[in-house]
Amino acid sequence: MAAISSHLLVRSDKLSLSSPFSSFSGQNLRRSPGFSGKFTSISVSSPATLPKISCQTASATSPPSSLDNGTAKAELKDFLHISDFDKSTILKILDRAVEVKALLKSGERTYLPFKGKTMAMIFAKPSMRTRVSFETGFFLLGGHAIYLGPNDIQMGKREETRDVARVLSRYNDIIMARVFAHQDILDLAKYATVPVVNGLTDYNHPCQIMADVLTIIEHVGQLEGTKVVYVGDGNNVVHSWLLMASVIPFHFVCACPKGFEPDKKTVEKAQQAGISKIEITNDPKEAVKGADVVYSDVWASMGQKEEAAYRHQVFQGFQVDENLMKIAGPKAYFMHCLPAERGVEVTDGVVEAPNSIVFPQAENRMHAQNAVMLHLLGV
């Protein structure tokens, strides 16, 4: 789900749209090229050996040195923005997500790369999908996740973010945080000596977009060359789609009311990357023509509920209903990051339609995040 106002600027020296990343290290799962749209059956010959699976591939901060104990964080990389990674690395992470998902779907439960590891989960704002997907995923791969709710830390109020980062780093192998201010995730990454995963900020939502792309790969076949049309508020989800468009080539369109466009600097940087075709428009009917995916989100997110009545008025004409999906065409899939306000930004009929992939999309949060954490931990 989107967070509060998307019109927040991130420090220009902290947001890179094409920073290089070293090649994937750790235990790689093998894959064969090509995509059939279905996963093949798999057999596990040894608990310690992962199977071959037929599948399709389709920071803004630099890791700082620890300011606490002198241990450099040079070999670690946080997952703060999609664009902190290059195309090859993003596809490798998604490839591994496909493979580990198939492994879990097969019933295999002896692959435990996170055994003996713990994850601290900081929640400045609550979330069903983020908590359950991270906690369950980490557990299924052998680890233990610790939930720290809004009243457990009160980061930045009860205790300074830099102190929280350095203390939790001494107890845990990885930190996930779902916060309001984007600066909080940047500060956590700056002072932590373990990898930090962005579970959502007011500025962006990278884990959601990784799950979205995984879902598109499963249903469309690949992300490259597809047309993804987002209809609604130009929020943090849109920002992460723009950052993805600066890494992998596809056609991204954001159709939103005037005054609710995504952050201008993020749009400009994504366009200047010259990777994808990017359009910002105020005409949803024109935008969805020829779409492979039509994507929606709530009009008023956490922290915006007092604006709900006003937004419902301004966003009239931006509801994804059956008529809009007909304009998109019979092959267009519908996606929503959930929770959905049925009858507001999307009709019940669209959510429940055969071409809705909302719930596979929700499931893929866990698998995409597992792959991100495997990559960060090098296992």
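Scanning all heavy atoms of the two residues, the minimum distance from V229 to A291 falls at CG2-CB, 3.7 Å. In terms of heavy-atom proximity, F318 sits nearest to P284 at CE2-CD, 3.7 Å. The shortest heavy-atom contact between F79 and P206 is CE2-CB, 3.6 Å. V179 and D184 make their closest contact through CG2-CB, 4.0 Å (heavy atoms, listed as atom of the first residue, atom of the second, distance). Nearest heavy-atom pair across G232 and P257 is O-CD, 3.9 Å. Counting all heavy atoms, side chain and backbone alike, Y230 lies closest to S296 at CE1-C, 4.5 Å.
A donor-acceptor pair under 3.5 Å is absent between the side-chain atoms of S133 and the main chain of Q369, judged by distance alone. The backbone N or O of A165 sits less than 3.5 Å from a side-chain atom of S169, completing a donor-acceptor pair. Side chain of D163 to main chain of E159: no donor-acceptor pair is present (N/O by atom type, distance under 3.5 Å, no hydrogens or angles). Here the side chain of N236 pairs no donor or acceptor atom with the backbone of Y203 at under 3.5 angstrom. Between the side chain of D152 and the backbone N or O of G149 there is at least one donor-acceptor pair closer than 3.5 Å. In this structure, T281 contributes its side chain and D283 its backbone to a donor-acceptor pair below 3.5 Å. Judged by distance alone, the side chain of S240 and the main-chain N or O of H205 form a donor-acceptor pair under 3.5 Å. Counting only distance, with no hydrogens or angles, the side chain of Q183 and the backbone of A181 share no donor-acceptor pair below 3.5 Å. Between the side chain of N355 and the backbone N or O of V350, no donor-acceptor pair lies under 3.5 Å. A donor-acceptor pair under 3.5 Å links the side-chain atoms of T215 to the main chain of A211, judged by distance alone.
Applying the ring-ring contact (aromatic ring centres under 6.0 Å, His included) test to every pair with at least one member in residues 327-360, sequence neighbours left out, gives these pairs: H219-Y333.
When side chains are defined from C-beta on, C207 does not count as touching N198, because their heavy atoms never get closer than 4.5 Å. For the pair I175 and I122, the minimum side-chain heavy-atom distance is below 4.5 Å. Between D212 and Q361 the shortest side-chain heavy-atom distance falls below 4.5 Å. Between T89 and H375 there is a side-chain heavy-atom pair separated by less than 4.5 Å. Side-chain contact check for V228 versus D292: every heavy-atom pair is 4.5 Å or farther apart. Inter-residue side-chain proximity for M244 and V213 is flagged as met; some heavy-atom pair is nearer than 4.5 Å. Contact annotation: the side chain of H81 approaches that of D84 to within less than 4.5 Å [non-hydrogen atoms, C-beta and beyond]. Looking at V196 and I185, their side chains come closer than 4.5 Å, going by heavy atoms from C-beta outward.
Using a 4.0 Å cut-off between charged nitrogen and carboxylate oxygen, K289 and E286 count as a salt-bridge pair. Between K101 and E218 there is a salt bridge, with a side-chain nitrogen of the basic residue lying less than 4.0 Å from a carboxylate oxygen of the acidic one. We find that K105 and E363 are joined by a salt bridge, their nearest charged nitrogen and carboxylate oxygen being less than 4.0 Å apart. Taking a cutoff of 4.0 Å between a charged side-chain nitrogen and a carboxylate oxygen, K227 and E279 do not qualify as a salt bridge. Ionic pairing of E224 and K87 is present here: one or more N-O contacts between side-chain nitrogen and carboxylate oxygen are shorter than 4.0 angstrom.
Exactly one residue among F138, F139, F123 makes a ring pair (Phe, Tyr, Trp, His ring centres under 6.0 Å) with Y147. That residue is F123. Partner of L200 under the side chain to side chain contact (heavy atoms under 4.5 Å, CB included) criterion, chosen from R178, M176, H182: R178.
Note that CD1 of I153 and CG of L168 are 5.5 Å apart. Values are rounded to the nearest 0.5 Å. Considering CG of L94 and CD of E99, their distance stands at 11.0 Å, rounded to 0.5 Å. Rounded to the nearest 0.5 angstrom, D187 CG and M155 CE are separated by 8.5 Å. To the nearest 0.5 Å, atom CG of residue N282 and atom CD of residue E261 are 5.5 Å apart. Rounding to the nearest 0.5 angstrom, the gap separating the CG atom in L91 from the CD1 atom in I248 is 4.5 Å. Between the CG atom of L377 and the CD1 atom of I174 there is a distance of 4.5 Å, given to the nearest 0.5 Å.
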Could you go step by step and tell me if L214 and M210 meet the side-chain contact (heavy atoms from CB on, under 4.5 Å) rule? CA-CA 6 Å; L214 175 59; M210 291 294 284; over 6 Å; no
What's the verdict on side-chain contact (heavy atoms from CB on, under 4.5 Å) for R342 and E345, showing C-alpha distance, side-chain angles and the deciding distance? CA-CA 7 Å; R342 301 188 186 210; E345 78 276 0; over 6 Å; no
Please walk me through it: do V344 and V298 pass side-chain contact (heavy atoms from CB on, under 4.5 Å)? CA-CA 8 Å; V344 181; V298 292; over 6 Å; no
Please assess W241 against F250 for the test side-chain contact (heavy atoms from CB on, under 4.5 Å), listing each intermediate value before the final yes or no. CA-CA 10 Å; W241 270 116; F250 65 101; 3.6 Å; yes
Output, in order, the C-alpha distance, side-chain angles, deciding distance and verdict of salt bridge (charged side-chain N to carboxylate O under 4.0 Å, His left out) for K190 and D78. CA-CA 10 Å; K190 178 179 180 180; D78 306 303; over 6 Å; no
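Checking T193 against R166 by side-chain atom types alone, no donor-acceptor pair falls below 3.5 Å.
I216 and I275 end up in different hydrophobic clusters when Ile, Leu, Val, Met, Phe, Trp and Tyr side chains are linked at under 4.5 Å.
For W299 and Y310, the ring centers are positioned 6.0 Å apart or more.
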